[in-house]
Structure formats: C-alpha cells, structure tokens
> 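Structure in structure tokens, see below.
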Amino acid sequence: MNPTSCFPLPLRLTTLGLLTLALIGFTGANESHGHEPLVYQGSNGPGKGKHIVFIAGDHEYRSEETLPALARILAKHHGFKCTVLFTVDPKTGEIVPGNNNIPGLEALQSADLMVNFLRFQDLPDDQMQHIVNYLDRAGPVAGLRTASHAFRIPNESKFSKYSYKSTESGYEGGFGRQVLGETWVGHYGKNHVMSTRLDLVSEQKSHPVLRGVDSAWVVAGGYWADPMPGSTVLAMAQPLDGMSPDSKPAADKPPCPGTWVRTYHGKQGKGRVYTTLYGASEDIENEGFRRMFVNGCYWAMGMEDAINAEFVVDLVGPYHPTPYKNGGHRLGIKPADLAGFESPIMPTDRPLSQRKTDKR
C-alpha cells in the first residue's frame with residue numbers, strides 16, 4: 001500500500017512532492033560528496049594555520065600524482081592544511097586529466113598559496129572566476145611545468161586574457177607570462193631521452209629557496225624559457241644526453257632558466273611567485289627537487305625566515321609514479337581514493353588509459 005494514499009489528494013501530492021524533493025536532495029548530496037575536495041590536514045609545524053590549495057589538471061606529466069604527493073609532504077611534515085583539486089568527470093567524479101572541470105575551486109577563498117599544475121584549461125565561468133578572484137587579490141602562486149600554458153581560452157571568452165597565447169595589451173602571454181613569468185615557448189630536450197640537471201645559480205646560493213638544496217635532477221626533458229624582467233633565476237636547466245644524473249650535458253644545448261622567483265601585480269597589490277618548469281610524476285623522486293619546491297612554497301607565502309636546511313621532505317605513504325606520457329593515467333581513480341597519508345599514489349592495480357592528446 002502506498003503510505004501516502006490515506007491522505008486527501010492535495011496533501012497527498014504535497015507529501016509526494018516533499019518525498020521526491022527529499023530523494024533528489026539525498027541523491028544530489030551523494031553526487032556532491034563524490035566531488036568533495038581531497039584534504040590533507042597537518043597538525044604541527046611552521047605551516048599550522050596556513051592553507052595551500054593544489055590544482056592538478058594536465059594531460060601528460062601526471063600532475064594528479066605529483067600534487068597529492070607534494071601536498072602530503074607539506075601537511076604531514078610541515079603542518080599545512082593542503083587541499084588538492086583535480087579535473088574530474090562531472091558524472092562519475094573520477095579523475096580525468098585535463099577535463100576542463102575542477103569542482104571545489106571556492107577553496108581558494110581561504111588559500112594562503114595556490115599551487116598550479118594545469119595545462120590548456122578552459123573552465124566554466126563560475127570555476128574560472130575563483131582563480132581570477134585569487135589573482136586579483138594577488139595571492140601567492142607556485143607553478144609547475146605546464147602551468148606556463150595553464151589556460152587555452154577562446155578569444156570570445158571574458159577570461160581570454162589568461163590564455164597562454166594572449167595578445168591583450170599589458171597581459172601578453174596570459175597567466176603564464178604575466179603571473180609565472182613565462183608562457184609556453186617550446187621543448188628544450190627530448191622527453192624520455194634527455195633528462196635535466198638543475199644547476200643552482202652561484203650568485204643566488206644564499207637565497208632562502210636554495211637553503212639545503214643539493215643535486216637537483218629531473219627525469220623530464222627541458223623547456224625553453226626567458227623569464228620576465230625582474231625575475232630572479234635560482235637554477236639553470238641543463239639538458240643531458242641520457243636518463244641518469246651523471247649523463248653528459250647535451251653539446252648543442254647550453255643551460256637556460258629552469259626555476260625562478262618573482263612578483264606579479266594583482267588588482268589589490270603584489271603577490272610572490274615560485275616557478276619551476278619541472279614536476280613530472282617521476283621528477284619528485286629526487287630529494288633536491290622536492291626540497292627546492294617546499295622551500296619555494298614557504299618563500300612565496302612570505303615564510304622564508306622559517307626555511308630550514310634540515311627540513312624533512314621525505315615522500316609520505318606509498319608513491320608509485322606512473323611514467324608520464326600522453327595518455328597513460330590510472331583509470332577509475334576518485335580523489336577520495338587518495339585520502340589519508342597511507343593510501344597509494346596511485347593504486348597499481350588500476351588499468352592505464354591509452355587516450356592521447358596534443359603535445360606541449
């Protein structure tokens with residue numbers, strides 16, 4: 001028997017409507033729950049009370065692995081609250097690299113640092129507005145690898161000036177050039193054939209970001225860069241003829257800037273920026289690279305006095321980096337699968353995608 005059949009018709013319809021709305025609300029809550037941000041909550045350390053928001057969304061270099069691993073370091077060892085956001089399928093909530101949909105960007109409202117590892121994103125207006133608001137208030141930024149070309153936005157969009165090919169007067173090169181200091185220029189060392197050594201600039205060895213940094217080397221091939229005037233280059237990228245730290249420098253490729261710091265202008269002031277052209281999934285297995293990144297985050301937030309050469313920068317929990325390539329991310333992963341400090345990044349029993357994208 002229908003439990004509402006004993007009521008008069010108008011009340012019966014109202015009751016059914018309420019039940020329907022309750023069911024819809026319950027289903028919606030479940031769908032929303034599937035898109036809840038991944039949060040690593042630190043407890044003690046210099047970062048206690050500070051909030052870092054990591055945004056992963058590239059197609060190739062496995063930012064969906066790099067950023068939660070780095071977030072765990074800053075939460076577990078340093079006390080920061082670290083929120084990690086991903087490009088996800090809006091229906092399933094599964095991570096889909098570069099999917100032009102990043103729920104949870106309202107977390108930037110309370111962020112003390114935005115870590116950007118996006119590529120060619122054209123986000124819905126309501127999502128992009130959170131990033132624009134953050135930049136308008138000149139919030140500190142750290143950018144990795146493809147963040148130099150984080151956005152590819154049509155000219156007719158109100159956010160087109162942030163696109164990596166922007167020609168808008170005063171904002172040429174978009175977010176990459178105007179905030180990070182450089183937009184996409186080109187490869188400078190072939191991926192999977194030529195690794196990259198990051199040589200510290202001797203004149204900058206006393207810079208807080210380089211405190212305790214040694215033997216920084218990354219698997220990824222080089223990017224060419226000529227940062228904006230006013231940038232302070234901390235490490236020069238030397239392409240190597242081989243995939244080991246002791247490989248010889250490429251004879252036809254002198255070093256170019258690979259890591260730098262700078263300030264950018266927002267509507268409400270100036271913000272500090274740490275930029276590295278590296279950060280692929282396997283890059284962060286190098287301690288020197290991790291230490292420089294952690295120090296860079298501290299510096300960007302104005303916490304350079306707290307940087308210690310003995311900082312713990314060990315990876316937290318099982319880390320199984322997937323070799324980067326166009327296509328090849330782990331399928332069926334939701335942000336919640338990476339919760340806690342001991343869940344594997346990534347679960348190795350998940351299949352690999354074969355989808356490919358254009359190369360940058």
Side-chain angles (χ1 to χ4, degrees), residues 40 42 45-56 63 66-67 70-71 73-75 77-85 107-118 130-131 133-148 150 175-182 198 200-201 204 206-213 216 225 227-228 230-235 257-279 284 288-309 311 313:
Y40 298 115
K48 188 174 182 179
K50 298 283 188 178
H51 182 201
I52 305 176
V53 175
F54 295 74
I55 312 175
S63 59
T66 293
L67 291 196
L70 293 175
I73 293 170
L74 283 159
H77 300 316
H78 299 267
F80 292 94
K81 174 186 176 182
C82 294
T83 298
V84 190
L85 307 176
L108 288 171
Q109 295 172 11
S110 64
D112 297 288
L113 174 68
M114 174 178 71
V115 179
N116 187 304
F117 196 160
L118 300 177
H130 289 298
I131 294 176
N133 291 345
Y134 184 84
L135 297 175
D136 282 349
R137 70 173 172 93
V141 177
L144 293 89
R145 192 63 170 176
T146 57
S148 65
F175 167 82
R177 184 72 174 166
Q178 298 299 323
V179 177
L180 299 185
E182 184 59 288
L198 295 172
L200 307 188
V201 175
Q204 299 298 331
S206 62
H207 194 284
V209 173
L210 301 183
R211 201 169 290 160
V213 175
M228 286 272 277
S231 302
T232 300
V233 177
L234 301 179
T259 301
W260 59 85
V261 293
R262 66 185 307 270
T263 59
Y264 77 101
H265 294 269
K267 289 183 178 179
Q268 299 175 27
K270 294 181 179 181
R272 284 186 172 189
V273 178
Y274 169 80
T275 302
T276 177
L277 298 182
Y278 303 91
I284 68 168
F289 180 83
R290 294 196 307 271
R291 185 173 300 280
M292 191 158 29
F293 172 80
V294 168
N295 291 354
C297 290
Y298 272 78
W299 181 89
M301 289 182 282
M303 299 176 64
E304 59 267 37
D305 290 346
I307 297 174
N308 188 319
F311 268 169
V313 295

> Take Val261 and Leu234 through the test side chain to side chain contact (heavy atoms under 4.5 Å, CB included) and record every step on the way to the result.
CA-CA 7 Å; Val261 293; Leu234 301 179; 3.9 Å; yes
> Could you measure the distance from the SG atom of Cys82 to the CG atom of Leu67? Nearest 0.5 Å is fine.
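The CG atom of Leu67 is 10.5 Å from SG of Cys82, to the nearest 0.5 Å.
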> Go through it in stages, so that I can follow the logic: the residues are Val115 and Leu70, the test is side chain to side chain contact (heavy atoms under 4.5 Å, CB included), and I'd like the CA-CA distance, side-chain angles, deciding distance and then a yes or no.
CA-CA 10 Å; Val115 179; Leu70 293 175; 6.0 Å; no
> Under the 3.5 angstrom rule, does the side chain of Arg145 hit a backbone N or O of Leu277 as a donor-acceptor pair?
yes
> Can you list everything that forms a side chain to side chain contact (heavy atoms under 4.5 Å, CB included) with Ala150? Sequence neighbours excluded, please.
Asn116, Leu118, Phe175
> Could you go through the ring pair (Phe, Tyr, Trp, His ring centres under 6.0 Å) check for Phe311 and His77 one step at a time?
CA-CA 8 Å; Phe311 268 169; His77 300 316; over 10 Å; no
> If you look at every heavy atom in His51 and Thr83, which pair is closest and at what distance?
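Answer, listing the atom of His51 first, then Thr83: NE2-OG1, 2.8 Å.
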> Aromatic ring centroids of Tyr298 and Phe80 under 6.0 Å?
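So the answer is yes for these two rings.
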> What's the spacing between Tyr274 OH and Thr232 OG1 if we round to 0.5 Å?
13.5 Å
> Minimum heavy-atom separation for Arg272 to Gly302, with atom names?
NH1-CA, 3.7 Å
> Backbone N or O of Gly279 within a donor-acceptor pair of the Thr66 side chain at under 3.5 Å?
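Side chain of Thr66 to backbone of Gly279, a donor-acceptor pair under 3.5 Å: yes, one is there.
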> So which atom in Arg211 and which in Arg291 form the shortest heavy-atom distance, rounded to 0.1 Å?
O-CD, 3.9 Å
> What's the spacing between Leu85 CG and Met114 CE if we round to 0.5 Å?
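Spacing of CG (Leu85) from CE (Met114) equals 11.0 Å.
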> Stepwise, does the side chain to side chain contact (heavy atoms under 4.5 Å, CB included) test hold for Phe293 with Ile73?
CA-CA 11 Å; Phe293 172 80; Ile73 293 170; over 6 Å; no
> Please report the interatomic distance NZ(Lys50) to CG(Leu113), rounded to the nearest 0.5 Å.
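The CG atom of Leu113 is 10.5 Å from NZ of Lys50, to the nearest 0.5 Å.
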> Assess the residue pair Asn295 and Leu210 against the criterion (side chain to side chain contact (heavy atoms under 4.5 Å, CB included)); give the C-alpha distance rounded to whole Å, side-chain angles, the decisive distance to 0.1 Å, and a yes or no.
CA-CA 7 Å; Asn295 291 354; Leu210 301 183; over 6 Å; no
> What's the shortest heavy-atom distance between Tyr134 and Tyr264, and which atoms?
O-OH, 4.0 Å
> For the atom pair OH (Tyr278) and CG (Leu198), what is the distance rounded to the nearest 0.5 Å?
6.0 Å
> Any idea which heavy atoms bring Pro227 and Val233 closest together, and the distance?
CG-CG2, 4.4 Å
> What distance separates Met292 CE from His207 NE2, expressed to the nearest 0.5 Å?
12.0 Å
> Which atom pair, heavy atoms only, marks the closest approach of Met301 to Ile52?
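So the minimum-distance heavy-atom pair works out to CE-CD1, 3.9 Å.
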> Heavy atoms, side chains only, cut-off 4.5 Å: are His265 and Gln178 in contact?
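No, side chains not in contact.
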